[in-house]
Amino acid sequence: MLVTVGCSQFDDSSTGRNEETKKTSNHIATREQEVEELSLLSPERFLNIAHRGASGYAPEHTIPAYELGEELAGDYIEIDLQMTKDGELIAMHDSDLSHTTDVSGDVQELNLNEIRVLDVGSWFNEIYPDLANPVFSGAKVPTLDEIFTYFGKESNYYIETKTPNKYPGMEEALLQLLRKHDLLNTSLREGIVIIQSFHKESLLKIQQLDSSIPLIQLFNFKGKAKLSDAQIAEIKEYAVGIGPNFKSLTPKFVKKIRDADLLIHPYTVNEGKDMERLVEWGVTGMFTNYPDVLEKVLRERRVAE
């Protein structure tokens, strides 16, 4: 219906829609503010974890991937740790260098100065020409020290000790760097650093070195995820949650973990429909190569609340 006011006309149904849109926007903003005020370890705060950075859009474990992960609403920079021959911690998923470089060999066989010259970005431009960026060409392997220096205390870090049995002293070196950059300061927000591993022994060692750090026990279940009550009780002695492969999950298992007051952060979820299903089941966060897609799913849920 058109309503005439003086010489002007406006559609009052359009005004109603605008008011409704404004209310919805205000509701979303309020809800997002409430979420931001929650602890990162609260089960009520869903964690968007940028897997190896925004690795769907940039070469994994590079500074550009980490930057993009934060720009696309990721709550955490996820870092896989390897250790060089001379004891330096670097960000790289596979110990096999051929995964992201044109060099064969193992990380532990080379010193840091030999790894620094490797190009870990050009492969991405070749495989994904639609996403290619000149910045990626010649990208270097970052050390953990460099990552902490670059991103500082404003970022959150979700760190995995990879094959720690290959790297004696990895846990001590990790904590030394965390302390160097004051990231274990108890005055900082809770959960600024989370450490995960498939290796229980590595997590227990970290707990022994500093019991204040929240730990996540990773699992790669074959078939459907299953943990006994006794296993869950054991995990709760050292960890705040678990990180299972998402395809192994069932609603019943997720409920069992949540009922045990454990967080559950499945990996690696890249399709919107899978994200929606897992959020509905009650997971408390997830790893994704596409943090913007997950943010869209979460935002749509906030609208519906």
Side-chain angles (χ1 to χ4, degrees), residues 31 34-35 38-51 74-76 78 80 156-162 164 190-191 193-208 211-291 293-295 297-302 304-305:
R31 180 59 183 144
E34 291 172 350
V35 169
L38 292 171
S39 163
L40 289 161
L41 301 181
S42 168
E44 302 304 316
R45 179 164 180 174
F46 196 95
L47 298 184
N48 184 340
I49 306 157
H51 182 240
D75 293 309
Y76 278 86
E78 193 242 355
D80 295 311
N156 303 312
Y157 305 95
Y158 208 125
I159 303 169
E160 180 180 351
T161 55
K162 301 286 290 186
E190 185 180 42
V193 173
I194 295 176
I195 297 177
Q196 62 176 342
S197 186
F198 285 101
H199 301 266
K200 176 185 174 182
E201 296 77 13
S202 182
L203 296 178
L204 290 175
K205 188 171 185 180
I206 290 167
Q207 183 188 47
Q208 185 177 25
S211 61
S212 70
I213 303 173
L215 307 175
I216 296 287
Q217 178 66 63
L218 290 171
F219 289 97
N220 184 16
F221 292 107
K222 306 303 180 186
K224 299 299 181 185
K226 290 182 181 180
L227 287 172
S228 68
D229 292 341
Q231 288 173 311
I232 290 174
E234 184 179 348
I235 291 166
K236 289 186 69 174
E237 292 179 1
Y238 62 92
V240 299
I242 67 169
N245 47 320
F246 89 91
K247 290 184 179 180
S248 71
L249 298 182
T250 63
K252 183 178 179 180
F253 180 82
V254 173
K255 184 177 187 304
K256 184 174 184 177
I257 297 302
R258 290 295 308 276
D259 287 347
D261 293 323
L262 286 170
L263 302 176
I264 178 167
H265 300 157
Y267 64 91
T268 303
V269 192
N270 292 327
E271 298 293 334
K273 64 181 185 301
D274 293 324
M275 295 173 181
E276 292 169 5
R277 183 178 70 257
L278 291 168
V279 172
E280 189 66 31
W281 288 356
V283 304
T284 56
M286 65 183 71
F287 294 83
T288 179
N289 298 345
Y290 304 97
V293 176
L294 178 53
E295 173 60 20
V297 168
L298 297 175
R299 192 172 181 82
E300 288 172 351
R301 287 183 64 86
R302 293 184 199 120
E305 288 178 349

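Small disclaimer: the values here were computed from a predicted structure and weren't measured.
- Tested against Arg301 for a salt bridge (charged side-chain N to carboxylate O under 4.0 Å, His left out), the candidates Glu276, Glu295, Glu280 yield a single pass: Glu280.
- Evaluated for a side chain to side chain contact (heavy atoms under 4.5 Å, CB included) with Leu204, the options Lys200, Glu201, Gln208 yield exactly one hit, Lys200.
- Here the side chains of Asn289 and His51 are in contact, with some heavy-atom distance below 4.5 Å.
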| query | Stepwise, does the side-chain contact (heavy atoms from CB on, under 4.5 Å) test hold for Val269 with Leu294? | reply | CA-CA 9 Å; Val269 192; Leu294 178 53; over 6 Å; no
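- In this structure, Ile242 and Ile257 have side chains that are in contact, with non-hydrogen atoms separated by less than 4.5 Å.
- In plain terms, the two heavy atoms of Gly241 and Ile235 that are nearest each other are O-CG2, 4.5 Å.
- Going from atom NZ of Lys273 over to atom CG of Leu278 covers 11.5 Å, rounded to the nearest 0.5 Å.
- Pro164 and His199 get closest at one heavy-atom pair: CD-CD2, 3.2 Å.
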| query | Under the side chain to side chain donor-acceptor pair (under 3.5 Å) criterion, do Glu78 and Gln196 qualify, and how do the steps go? | reply | CA-CA 10 Å; Glu78 193 242 355; Gln196 62 176 342; 3.3 Å; yes
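- Here the CG-CE distance, from Asn270 to Met275, works out to 6.0 Å after rounding to the nearest 0.5 Å.
- We find the NZ-OG distance between Lys226 and Ser248 to be 11.5 Å, quoted to the nearest 0.5 Å.
- Summarising the geometry of Gly272 relative to Val297, their closest heavy-atom pair is O-CG2, 4.1 Å, with the distance given to 0.1 Å.
- The local environment of CD in Glu271 is sparse, with at most 12 non-hydrogen atoms from other residues, nucleotides or ligands closer than 6.0 Å.
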| message | Between Val240 and Ile216, does the side-chain contact (heavy atoms from CB on, under 4.5 Å) criterion hold? Intermediate values first, please. | response | CA-CA 6 Å; Val240 299; Ile216 296 287; 3.9 Å; yes
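- For His265, the ring-ring contact (aromatic ring centres under 6.0 Å, His included) partners at least two apart in sequence or on another chain are Tyr158.
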| message | I'd like to know whether Arg258 forms a side-chain contact (heavy atoms from CB on, under 4.5 Å) with Trp281, so could you lay out the CA-CA distance, the side-chain angles of the two residues, the decisive distance to 0.1 Å, and finally the verdict. | response | CA-CA 10 Å; Arg258 290 295 308 276; Trp281 288 356; over 6 Å; no
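- For Lys224, the salt bridge (charged side-chain N to carboxylate O under 4.0 Å, His left out) criterion is met by no residue, not counting sequence neighbours.
- One N or O on the side chain of Gln217 and one on the backbone of Ser197 form a donor-acceptor pair closer than 3.5 Å.
- For Leu249 against Ala225, the heavy-atom pair with the smallest separation is CD2-CB, 4.2 Å.
- Taking 4.5 Å as the limit, every side-chain heavy atom of Lys247 sits out of range of all side-chain heavy atoms of Asp274.
- Taking OG1 of Thr284 as the reference point, atom CZ of Phe46 lies at 7.0 Å (rounded to 0.5 Å).
- With sequence neighbours excluded, the residues forming a ring-ring contact (aromatic ring centres under 6.0 Å, His included) with Phe221 are Phe219, Phe253, listed by chain and number.
- Of all non-hydrogen atoms in Leu227 and Lys256, the two that sit nearest each other are O-NZ, 2.7 Å.
- In this structure, CG on Asn48 lies 11.5 Å from OH on Tyr76, to the nearest 0.5 angstrom.
- To the nearest 0.5 Å, atom CZ of residue Phe287 and atom CZ of residue Phe246 are 14.0 Å apart.
- Tyr267 approaches Asn245 most closely through the heavy-atom pair CE2-N, 3.2 Å.
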| request: Given side-chain contact (heavy atoms from CB on, under 4.5 Å), test Leu47 with Leu263 step by step and report yes or no. | output: CA-CA 10 Å; Leu47 298 184; Leu263 302 176; 5.6 Å; no
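- Distance alone, capped at 3.5 Å, is enough to place a donor-acceptor pair between the Asn156 side chain and the Asp75 backbone.
- Annotation for Lys255: atom NZ does not count as buried by contact number, only 12 or fewer foreign heavy atoms lying within 6.0 Å.
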